[in-house]
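Accompanying notes for the structure given below.
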Amino acid sequence: MRNLLSAAVIFFAAIFQTTFASKFGIFGAVPNLIFLAVLTLFFLKNLNEPSGSLRSLKEGAAFAILGGFFSDVFSGQPFGAAIIAFSAAIAFIFILMEKVFDKKNYKSMLAVVFFGAIFYNAVILFFLKMSGSADFAAIGSIFARFVLKEAVFDAVLAMIIFTFVHKFFGLWVLKTPRTILRNIN
Amino acid sequence: MGQSPRSKLSLFVLFFAGILLLIFLNERGFLNSTKNALLTVSVPLQNVSALAADKVNYFGQALWEIKNIKEENEKFSSENLELKGVVSGLEEIKRENDFLRQQLGLEEKPDDVLILAGVIGRDPLTFGRAILIDKGARDGIREKTAVISAGNILVGQIIEVYENSAKVRLLTDISSKVPALTQDSRMDGLIKGDGTASLTMDLISKEKELAVGERAISSGLEGIYPKGLLIGEVEEVFSADNQFFQKAKIKAAVDFQNLESVLVLKKQ
């Protein structure tokens, strides 16, 4: 049931991404609601754990595959680019939380969203380069024009979403890396 | 109990193999039914959501542009009058053309059928330039057909077709390449997208000089896009002594961001 609900959240995020979000870009960049939905679910409190530990990396990977699949279905880019990018971004975010940000607070979460969004787009662009869909000049121009702006946009929106989810649903808590590691082991 | 590094590595390999398998299955078309089912469910939802997004967008734009509406209205009225004159001239030419064709015993070239489709979704990637339309295989839409907007302006091509929807790659997408021709100087080139609203025309010979304001049209060389569809106007020309070709920045004739409906060319 919980998995179905998570899939539904990502699916509706994809619907809103392709209809609403794309209409309301700022300076040419639009927020990535699918990415934010995947991250929010990844940061949700594990309901089976009374201690309120964060979700496991395996669950994060499942959300990443779902988010990537929906992105690929609606995107005009080669299939698989978003699945790989989402999975790599979740792994990257996990490493950031484990190795770089020792304190789990809003600031570190926003930094994780910002760098995660950049990493996600970098992986997609790398995939496009490898598949021959784009050359280096186009990739450089896209990075400068869209990716950094999107990362800022995502971080700002994440602040609102995380605050809302945390305050009204009380579903996610910020824990130390040790708790996260214990959860995946 | 923690997992050993070896089992973690095998899990990672298994996960990566799973992703590669998904890509392979998609290449072979085994995921088509899954994608079709997903899009069948999502199309009605996207229709409703896209309509709501358009209304909110209109409201915002109307508030923003309220001052310019009267001025624009006057401009369009005068343009309308001019165009009426052009249309009546073209009707005369068509009549004359039909008569001469009849006299020479030439068969009339069948017109392409146009399928009107609504835009119900856009690429979820911030730099992706693809749209989803509400017409698909059951309406006779096929892959690799040209998509235009009112006024014979080229928009892109169909890249994927589902039962009740289809994906269109816009000219502005980074992987879009269209063989093109400048209308006055008759110079060939390749128009490429870079994710922004403007296009780049590359591989233009340096034989002649391009003029700013000149129109770029599809040359029909690739076979997907018919010849003569308007793409845009030359905005800036780049020519250097140490380069074999000149380049031009093309201002697209269509506003890709606010496309609400398009026409798909169905060849007879």
Side-chain angles (χ1 to χ4, degrees), chain A residues 11-25 28-35 58 61 65 68-84 87 91 121 124-125 128 131-135 137-139 141-143 145-147 149-150 153 181-182 184-185, chain B residues 1-3 8 11-12 15-16 18-20 22-24 26-27 31 34-35 38-39 41-42 45-54 56-57 60 120-132 156 159-160 162 167-170 173-176 192-197 200 257-258:
Chain A
F11 175 68
F12 280 104
I15 297 284
F16 275 105
Q17 178 68 39
T18 57
T19 51
F20 256 94
S22 55
K23 285 261 172 192
F24 303 100
V30 291
N32 192 337
L33 299 183
I34 309 174
F35 180 71
K58 278 183 210 165
I65 288 185
F69 181 75
F70 289 137
S71 272
D72 279 332
V73 167
F74 293 115
S75 169
Q77 305 308 330
F79 186 88
I83 296 182
I84 290 179
S87 307
N121 281 297
I124 289 194
L125 290 170
L128 294 185
S131 64
S133 304
D135 52 29
I139 287 172
S141 144
I142 281 172
F143 214 88
R145 286 180 190 183
F146 300 112
V147 175
K149 289 178 200 164
E150 189 209 298
F153 214 155
L181 282 175
R182 209 168 41 231
I184 63 153
N185 285 333
Chain B
M1 275 278 287
Q3 285 173 316
K8 275 184 184 172
L11 258 176
F12 174 76
F15 180 75
F16 194 68
I19 293 176
L20 290 181
L22 263 178
I23 296 172
F24 174 76
N26 179 66
E27 282 297 311
L31 290 185
T34 314
K35 284 155 84 178
L38 184 71
L39 285 164
V41 176
S42 74
L45 292 171
Q46 284 184 298
N47 257 321
V48 174
S49 188
L51 202 72
D54 282 341
V56 175
N57 198 22
I120 52 166
R122 282 163 194 281
D123 205 308
L125 295 178
T126 195
F127 52 82
R129 296 292 176 259
I131 52 171
L132 194 70
I159 51 167
E160 279 173 43
Y162 301 98
K167 227 181 263 177
V168 180
R169 179 186 291 139
L170 301 177
D173 190 86
I174 47 168
S175 51
S176 165
K192 298 182 204 170
D194 65 355
T196 65
T200 306
Q257 189 56 35
N258 291 311

*asked:* Quick check on B/T34 against chain A: is it the side chain, the backbone, both or neither that has a heavy atom closer than 4.5 Å?
replied: side chain

*In terms of heavy-atom pairs under 4.5 Å, which option from B/G128, B/S175, B/A50, B/P124 contacts chain A the most?*
B/P124

*What part of B/D194 is in contact with chain A, defined as an atom under 4.5 angstrom from a non-hydrogen atom: side chain, backbone, both or neither?*
both

_Between B/S176, B/A130, B/G193, B/G121, the one whose heavy-atom pairs under 4.5 Å with chain A are most numerous_ = B/G121

*Go through the atoms of A/F69 and report whether side chain, backbone, both or neither lie under 4.5 Å from a heavy atom of chain B.*
side chain

*Looking only at atom types and distance, does a side-chain atom of B/R122 sit under 3.5 Å from a main-chain N or O of B/Q257, one as donor and one as acceptor?*
yes

_Heavy-atom cut-off 4.5 Å, strictly under: side chain, backbone, both or neither for A/F11 against chain B?_
side chain

*Trace of the side chain to side chain contact (heavy atoms under 4.5 Å, CB included) decision for B/I174 with A/L128*: CA-CA 9 Å; B/I174 47 168; A/L128 294 185; 3.6 Å; yes

_B/L22 portion near chain A, given a 4.5 angstrom heavy-atom threshold_ = both

*Is there a donor-acceptor pair under 3.5 Å between the side chain of B/K167 and the backbone N or O of B/Y162?*
no

*asked:* With a 3.5 Å distance limit and no angle check, can you tell me whether A/D72 reaches the backbone of A/G80 through a side-chain donor-acceptor pair?
replied: yes

*With only heavy atoms counted, which part of B/I120 is less than 4.5 Å from chain A, the side chain, the backbone, both or neither?*
backbone

*Taking atom CD of B/E27 as the centre, does the number of heavy atoms from other residues, nucleotides or ligands within less than 6.0 Å exceed 12?*
no

_If you count heavy atoms of other groups shown closer than 6.0 angstrom to CZ of A/F79, is the number above 12?_
yes

*A/L33, part contacting chain B, at a heavy-atom distance under 4.5 Å*: neither

*Using non-hydrogen atoms and a 4.5 Å limit, figure out which bit of B/F15 sits close to chain A: side chain, backbone, both or neither.*
side chain

*What residue in B/G18, B/S42, B/A52 has the most heavy-atom pairs under 4.5 Å with chain A?*
B/S42

*Where on B/L51 is there a heavy atom nearer than 4.5 Å to chain A: the side chain, the backbone, both, or neither?*
neither

*asked:* With a 3.5 Å distance limit and no angle check, can you tell me whether B/D123 reaches the backbone of A/G76 through a side-chain donor-acceptor pair?
replied: yes

*asked:* Between B/I159 and chain A, with a heavy-atom cut-off of 4.5 Å, which part of the residue counts as in contact: side chain, backbone, both or neither?
replied: side chain

*Side chain, backbone, both or neither: which part of A/I139 has a heavy atom under 4.5 Å from chain B?*
neither

*Take atom CZ in A/F12; do more than 12 heavy atoms of anything else shown fall under 6.0 Å from it?*
no

*Hey, is the main chain of B/G195 close enough, under 3.5 Å, to the side chain of B/R129 for a donor-acceptor pair?*
yes

